[in-house]
Number of protein chains: 2
Amino acid sequence: MSTKTVKQRLNDYVMAGSKAERRIATFMLASIAELPFDTAASISKRIGVSEPTVGRFCRSLGYQNFKALKEDLQHDIGGGPWLLGDRLKEFHDRTKSGDGEQGRGLELEIASLVRIYELARTEHWARAVKKLARYRQIFVAGFQTERGLAQYFANQLQYLRPNVHLVDIAGGNFSEALLNEEKSTALVIFEARRYSRLSELLAKNAKSRGIPLTLITDAYCDWGHDLADEMFVVRTEFNMFWDSTAHMANLANLLINSVFKELGPHVEQRLNAVTRLHGDFIGYVGESTRQDAKS
Amino acid sequence: MSTKTVKQRLNDYVMAGSKAERRIATFMLASIAELPFDTAASISKRIGVSEPTVGRFCRSLGYQNFKALKEDLQHDIGGGPWLLGDRLKEFHDRTKSGDGEQGRGLELEIASLVRIYELARTEHWARAVKKLARYRQIFVAGFQTERGLAQYFANQLQYLRPNVHLVDIAGGNFSEALLNEEKSTALVIFEARRYSRLSELLAKNAKSRGIPLTLITDAYCDWGHDLADEMFVVRTEFNMFWDSTAHMANLANLLINSVFKELGPHVEQRLNAVTRLHGDFIGYVGESTRQDAKS
DNA sequence: CCAATTTTGTCATTTAAATTTCAATTTGAC
DNA sequence: GTCAAATTGAAATTTAAATGACAAAATTGG
């Protein structure tokens, strides 16, 4: 057997191989640290190729089978730490030795994640989930940099249920959300320092109209308590040059997942329908549009 | 299952176990990093005990079998007390033992974060950062649910530098990005399964025009390697009903932070200027708009 | 030392992983 | 479009790993 490392061999196939081979190579490269825990079968299932194909792929890389590849991986990577715990420790040690503000940031992010999962078990969380699942109309708002997060959340919720709207300031007012005649309307706002006046105005107005508010914000928001029915506070300080609101996306997705569970398995129908619609109008990689297919 | 780490469990048996148990525990502790590549059979042969004994030993540690032990090892964050505060650690233990579903998701998310921070140390990362800091024009794209992430990233980058644009399909083509006469143009795409045809088309077209591409995607993207100059793969499987792309936001913010460091402290001027502009036109909580202030 | 108990290994069985064969599908050249 | 070559997946087979039943060996307390 030649002297190439597993990584190098995989890299050769990422570009040059057949479709399935590229798929496998890409996946293996991306999750090289988890490969020792995998089997040819588990990999094949995850990436949607058959088990023999994975076996054959390992052969064409020059190994007898997937196990042999793992063997080689063991000697091959040698230096670097394998286990999650060791990898973490490496960051931590560097931090202590002064080399990395990065390691500190990682630790803060992990703590923040733990906290988000803690929030997901609260009474407030359950209440917010029920609202997001059952209320007729859901409006989602976010301004400045939180706009993207609001859109991200809204787009995902739209896969699960109808009548989800991203609140838009373009028209100069929030009439769509606030003057909705529907009684069963709920509002979600993503907001962080420095707080846009728009958010507070919107929240106040919603309150005055009896529209319940779920607020995702940071630890410095002092106006939310009075106005929000549920207020989820995520950490934003991760040793970066400014506060990062990225963990609102983590929270948002966990929330979406809870809504899915609340709605039950029948939502898969809608999910597939929405996916199909996207296929009709835009199309996915590796398929013709349905329009094409018909002709 | 209790809250101990694999290492702690093994340590208990090094002292207290029977002869064979001590042998096994000692061996496992000594070669804990190689365990993922082992099987119960291979271990039993190497240390001269029978295979069922190894299996029984794993049982008495609290695992169903050796495979389960490896599983745990994979997600074990190593019990560093430095990592989390006591309260959070306690919660982590609780989720891990009780509501297994969520605890497992949390572990997967932590592993993903570690991976992202590892990516941030690569050569590719440094290259992407340089591009994002120096190229004249930056275009950011994302479709379907990744649209929000693209917007989030673009909005933040706009705070740091001019000429950052969110690619919009509304006009039916990408002329803005692709027919830009500026030589120094770079493209960033956020994309995940199922891959929109738009992303691939855009990437291909960009490649043909010599526009470099930074691609943030998942482990299943088999078309990116040919087209992207840098490809950052984030984990998307967190034990949720569908793949979550939330960690692209975490990666995006870390990337933004790196760009900030690359640009140096003088960007703060721009940062403050943008913030002031927002104050002028929209206003922040707790202040009048500047317009108001004048009157 | 002996008997009760625990621990361990042998062998057969079950379960999971890898491999082979072969047919179906896809790809690429013309 | 058509055909040959290459690629891939389904089903059956082989091989390896894990487990269970039970007997042999070791340990413990007297």
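Atoms considered below: every heavy atom in the structure, side chains included; atoms not considered: hydrogens, waters and symmetry mates. In what follows, every chain begins at residue 1, and chains take the letters A, B, ... in the order their sequences are listed.
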**Q** Can you list every salt bridge (charged side-chain N to carboxylate O under 4.0 Å, His left out) pair that touches residues 110-120 of chain B, not counting sequence neighbours?
**A** Arg87(A)-Glu118(B)
**Q** What is the distance from CZ of Phe66(B) to P of dA18(D), rounded to the nearest Å?
**A** 8 Å
**Q** Near DNA chain D, under 4.0 Å by heavy atom, which residues of residues 33-42 of chain B?
**A** Thr39(B), Ala40(B), Ala41(B)
**Q** Using heavy atoms and a sub-4.0 Å distance, could you list which residues of residues 46-53 of chain B are near DNA chain C? By number, please.
**A** Gly48(B), Val49(B), Ser50(B), Pro52(B), Thr53(B)
**Q** Check the distance between dA26(D)'s C1' and Arg56(B)'s CZ and give it to me in whole angstrom.
**A** 14 Å
**Q** Which two nucleotides bound the region of DNA chain C that has atoms under 4.0 Å from heavy atoms of chain A, read 5' to 3'?
**A** dA17(C) to dT20(C)
**Q** Given dG20(D), is OP1 or OP2 found less than 4.0 Å from the side-chain N or O atoms of Arg59(B)?
**A** yes
**Q** Checking side-chain polar atoms at under 3.5 Å, does Asn253(A) have a donor or acceptor matched by the opposite partner on Ser244(B)?
**A** yes
**Q** Between Glu90(A) and Arg121(B), does at least one N-O distance fall below 4.0 Å, as a salt bridge requires?
**A** yes
**Q** Check the distance between dG9(D)'s C1' and Glu21(A)'s CD and give it to me in whole angstrom.
**A** 15 Å
**Q** Between Arg161(A) and Glu262(A), is there a side-chain N and carboxylate O pair less than 4.0 Å apart?
**A** no
**Q** In whole Å, what is the span from the CZ atom of Phe57(A) to the C1' atom of dT7(D)?
**A** 14 Å
**Q** Could you tell me whether the side chain of Lys70(A) and the main chain of Asp38(A) form a donor-acceptor pair under 3.5 Å?
**A** yes
**Q** Is the shortest side-chain N to carboxylate O distance from Glu71(A) to Lys67(A) below 4.0 Å?
**A** no
**Q** Is the distance from the ring center of Phe260(A) to that of Trp242(B) below 6.0 Å?
**A** no
**Q** Suppose we screen for salt bridge (charged side-chain N to carboxylate O under 4.0 Å, His left out). Which residues come up paired with Lys131(B), at least two apart in sequence or across chains?
**A** Glu230(B)
**Q** Dump the intermediate steps for side-chain hydrogen bond (donor to acceptor under 3.5 Å, both in side chains) on His247(B) and Arg235(B), then the final yes or no.
**A** CA-CA 7 Å; His247(B) 283 232; Arg235(B) 291 268 164 320; over 6 Å; no
**Q** I need the full list of salt bridge (charged side-chain N to carboxylate O under 4.0 Å, His left out) pairs touching residues 263-272 of chain A, with sequence neighbours left out, sorted by first then second residue.
**A** none
**Q** Decide, yes or no, whether a salt bridge links Arg127(B) with Asp229(B) under the criterion of side-chain N to carboxylate O below 4.0 Å.
**A** no
**Q** If you check the Lys67(B) side chain, which of dT7(D), dA18(D), dA17(D) turns out closest?
**A** dA18(D)
